[in-house]
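Values reported hereafter were calculated over all heavy atoms of this structure, with side chains retained and with hydrogens, waters and symmetry mates removed.
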Amino acid sequence: MKIVGCDFHPRWQQIAVFDRETGEITEHRLMNGDGEAERFYSGLGEPALVGVEACGNSQWFLDLLEGLGHTVWVGDAAQIRASYIRKQKTDRRDAVKLARCHRAGDLTSVWVPDADAEALRDLVRAREAAKQDQLRARHRLSKVLLRSGQRPVAGIKPWTQPYMAWVRQLRYEQAARDWTRLDYLHEVEHMAERVRQLEEAIREAVKLAPAGMREVIRGLQALRGIAEISAVTVVAELGRISRFESARQLMGYSGAVPSEDSSGKRQQRGGITKTGNAHLRRIAVEAAWSYRLRPAVGPGLRKRQQGLPEEVKEIAWKAQLRLHRRYAGLAAAGKDQRKIVTAVGRELLGFIWAIGVRTETAAGQQMAA
């Protein structure tokens, strides 16, 4: 079987073909969109093992290779670049290194979502982008009010309905400043409506999702700090949670584990690696803030847990007890609050893994029955 390394670009692809029998590597440069790539892979003569660096514009190419009977392997871009030291970077060198590293078994493949999972992930990330735009719009408006010396009445919290009503009734003597206020106010209201529509679209998309995915989303909401949108984000970013062999492996996937530079008796750990899924890491850290509070099941959490298996509720309660104790212990030791929340978020991923695996196993058994 031939091994093919492919450095893929939207308009072309650089190919390195390794022949196991002769040990030779041949290089090719193919253009996309004119049938040249299709003719090349059809003419290989036998099914090949094609390694492609993970990118966001190659889904049609992966479908083409699978349709021609080739085995497709998608490599982690960060791991590929870290697998060798280089002073020169070209597409040709990337393709050759990809083929050689894969032949040596130095690389591991990544999960490639199917069309439905990718569509849900795109929708979730669109909502995340809208939230970021909303934050920027609010900052612009608040800074205009700050520069002009405007302050709301004591007791009014920012961005609540009373606060927005107060901003709407403001008037300035200078027409230019009043137009600025109106423009920024309109943008804030537009962003709020955009976020609302996307969240409604996410809820509708979940209703059309497979039953197993819906069960996992319901199960994750048993955890404190993870409501529906957060649970959908976790599932959209992870796909099938049971593909991770352990909770530690999921923590590593998030990039929330500390870096380390140890040798002999010397042990030195640094900041988190961040070489993982940033969207998943953000959800875990945001949810971790709720574990600074004493363990309790409030009205909202109790409503989300209705109808869930007792085993899932027990895991969620164990999470509250352990993570609050962890937060309190690190705080008593004088650790920085941001580091505390990151550590708690990393351990929260372990409970996410436990609930996800349990729920997926139960859903699989029901379908088999």
Worksheet entry | Nearest-0.5 Å distance that lies between atom OG1 in T180 and atom CD in Q174 | 10.0 Å

Worksheet, complete the sentence: Smallest heavy-atom separation, A222 atom then L308 atom, equals CB-CD1, 3.6 Å

Discussion item. Pair V344, T342 - check side-chain contact (heavy atoms from CB on, under 4.5 Å), show working.
Written reply: CA-CA 5 Å; V344 172; T342 302; over 6 Å; no

Worksheet item: For A37 and Q13, which heavy atoms make the closest approach, and how far apart are they?
Response: CB-NE2, 3.5 Å

Worksheet item: What residues join I156 in its hydrophobic cluster, counting side-chain heavy atom gaps under 4.5 Å, either direct or through other members?
Response: L141, V144, L145, V153, W159, Y163, M164, W166, V167, L170, Y172, Y184, L185, V188

Worksheet item: Is the shortest heavy-atom distance from the side chain of W73 to the side chain of V52 under 4.5 Å?
Response: no

Discussion item. To the closest 0.5 Å, what do you measure between CD (E38) and CG (N32)?
Written reply: 8.0 Å

Practice prompt. Report the C-alpha distance between Q337 and Y327 in whole Å, list the side-chain angles of each, state the deciding distance to 0.1 Å, and finish with yes or no for side chain to side chain donor-acceptor pair (under 3.5 Å).
Written response: CA-CA 9 Å; Q337 192 176 35; Y327 186 99; 2.9 Å; yes

Worksheet entry | Spacing of R177 atom CZ and S148 atom OG [to the nearest 0.5 Å] | 5.5 Å

Worksheet item: Counting only N and O atoms by type, is there a donor-acceptor contact under 3.5 Å from the side chain of R243 to the main-chain atoms of L238?
Response: yes

Worksheet entry | Ion pair K313/E310, N-O distance below 4.0 Å | yes

Worksheet item: To the nearest 0.5 Å, how far apart are NE2 in H324 and CG in L293?
Response: 8.0 Å

Worksheet entry | CA sep, side-chain torsions, deciding dist, call: K207, E204, salt bridge (charged side-chain N to carboxylate O under 4.0 Å, His left out) | CA-CA 5 Å; K207 295 178 182 178; E204 292 298 323; 3.4 Å; yes

Fill in: M213 and L120: CA distance, side-chain angles, deciding distance, side-chain contact (heavy atoms from CB on, under 4.5 Å) verdict
CA-CA 11 Å; M213 179 182 291; L120 180 60; 3.7 Å; yes

Worksheet item: After noting the C-alpha distance and the side-chain angles of N277 and E237, does the key distance pass the side chain to side chain donor-acceptor pair (under 3.5 Å) rule?
Response: CA-CA 8 Å; N277 191 304; E237 295 297 334; 3.0 Å; yes

Worksheet entry | Check: R181 and Q150 side chains under 4.5 Å, non-hydrogen atoms | no

Discussion item. Using side-chain heavy atoms (C-beta onward) and a distance below 4.5 Å, is Q197 in contact with E200?
Written reply: no

Worksheet item: Would one find more than 12 heavy atoms of other residues, nucleotides or ligands at under 6.0 Å from atom CD of Q169?
Response: yes

Worksheet entry | Donor-acceptor contact present, side-chain R218 to main-chain Q305, <3.5 Å | no

Item to complete: Using side chain to side chain contact (heavy atoms under 4.5 Å, CB included) as the criterion, list what pairs up with E360, not counting sequence neighbours.
Response: V216, R240, I241, S242

Fill in: Side chain proximity check, L280 to L250, heavy atoms < 4.5 angstrom
yes

Worksheet entry | Step-by-step side-chain contact (heavy atoms from CB on, under 4.5 Å) determination, V50 to T71 | CA-CA 6 Å; V50 184; T71 302; over 6 Å; no

Worksheet item: Any idea which heavy atoms bring A129 and R194 closest together, and the distance?
Response: C-NH2, 4.4 Å

Item to complete: Answer yes or no: are there more than 12 heavy-atom neighbours, outside R171 itself, under 6.0 Å from its atom CZ?
Response: yes

Item to complete: Kindly say whether S259 contributes a backbone atom to a donor-acceptor pair with the side chain of R269 at under 3.5 angstrom?
Response: no

Response to the item:
Taking every heavy atom of G225 against every heavy atom of S230, the minimum-distance pair comes out as O-OG, 4.4 Å

Discussion item. Nearest 0.5 angstrom please: L198 CG to R196 CZ, how far?
Written reply: 10.0 Å

Discussion item. With side chain to side chain contact (heavy atoms under 4.5 Å, CB included) as the test, pick out the partner of S254 among I283, L349, V285.
Written reply: L349

Practice prompt. Could you tell me whether the side chain of H279 and the main chain of R125 form a donor-acceptor pair under 3.5 Å?
Written response: no

Item to complete: Begin from the C-alpha positions of V257 and I272 and carry the test side-chain contact (heavy atoms from CB on, under 4.5 Å) through to its verdict.
Response: CA-CA 5 Å; V257 296; I272 61 174; over 6 Å; no

Item to complete: Quick one: sort the F61 and F8 rings into parallel, tilted or perpendicular, breaks at 30° and 60°.
Response: parallel

Worksheet entry | Cluster overlap L64 with V17, hydrophobic side-chain contacts below 4.5 Å | yes

Response to the item:
Value for CZ (R346) from CZ (R248), rounded to nearest 0.5 Å, stands at 10.0 Å

Fill in: Any donor-acceptor pair under 3.5 Å from H70 side chain to P47 backbone
no

Fill in: Joint hydrophobic cluster, V112 plus V235, side-chain heavy atoms closer than 4.5 Å
no

Practice prompt. Take atom CZ of R11 as the centre, draw a 6.0 Å sphere, and report whether it contains more than 12 heavy atoms from other residues, nucleotides or ligands.
Written response: no

Practice prompt. In sequence, state the C-alpha distance, the side-chain angles, and the governing distance for E46 and K2, and then conclude on salt bridge (charged side-chain N to carboxylate O under 4.0 Å, His left out).
Written response: CA-CA 8 Å; E46 60 178 347; K2 294 179 179 179; 5.1 Å; no

Worksheet item: Considering residues, nucleotides and ligands other than Q268, do more than 12 of their heavy atoms fall under 6.0 Å from its CD?
Response: yes

Worksheet item: Would you call L330 and K339 a side-chain contact if the rule is heavy atoms closer than 4.5 Å?
Response: no

Worksheet item: Taking all atoms of both residues into account, what is the closest heavy-atom pair of V341 and A288, and its distance?
Response: O-CB, 3.5 Å

Discussion item. Between R282 and E128, does any NZ, NE, NH1 or NH2 come within less than 4.0 Å of an OD or OE carboxylate oxygen?
Written reply: yes

Worksheet item: Is the CZ atom of R214 crowded by more than 12 outside heavy atoms at less than 6.0 Å?
Response: yes

Fill in: Partner set under side chain to side chain contact (heavy atoms under 4.5 Å, CB included) for Q134, not counting sequence neighbours
K131, R138, M191, A192, V195

Response to the item:
Excluding M31, membership of its hydrophobic cluster (Ile, Leu, Val, Met, Phe, Trp, Tyr; side-chain heavy atoms within less than 4.5 Å) reads W12

Just list the side-chain donor-acceptor pairs under 3.5 Å for residues 351-358, sequence neighbours left out, or say none.
unit_1: W353; atom_1: NE1; unit_2: F244; atom_2: O; d: 3.0
unit_1: R358; atom_1: NE; unit_2: E311; atom_2: OE1; d: 3.0

Worksheet item: In the hydrophobic cluster built from side-chain contacts under 4.5 Å, what are the other members alongside W317?
Response: V297, L301, L321

Item to complete: Check whether any side-chain heavy atom of R136 sits under 4.5 Å from a side-chain heavy atom of H139, and report yes or no.
Response: no

Response to the item:
Shortest non-hydrogen pair, A296 vs R224, comes out as N-NH1, 3.7 Å

Practice prompt. Taking the side chain as every heavy atom from C-beta outward, state whether Y291 and E347 have any pair of such atoms under 4.5 Å apart.
Written response: no

Item to complete: Assess whether atom NZ of K143 is packed by more than 12 heavy atoms of other residues, nucleotides or ligands within 6.0 Å.
Response: yes

Fill in: Note, R127 side chain near I202 side chain (heavy atom, < 4.5 Å)
yes

Worksheet item: Counting only heavy atoms not in R294, do more than 12 sit closer than 6.0 Å to its CZ atom?
Response: no

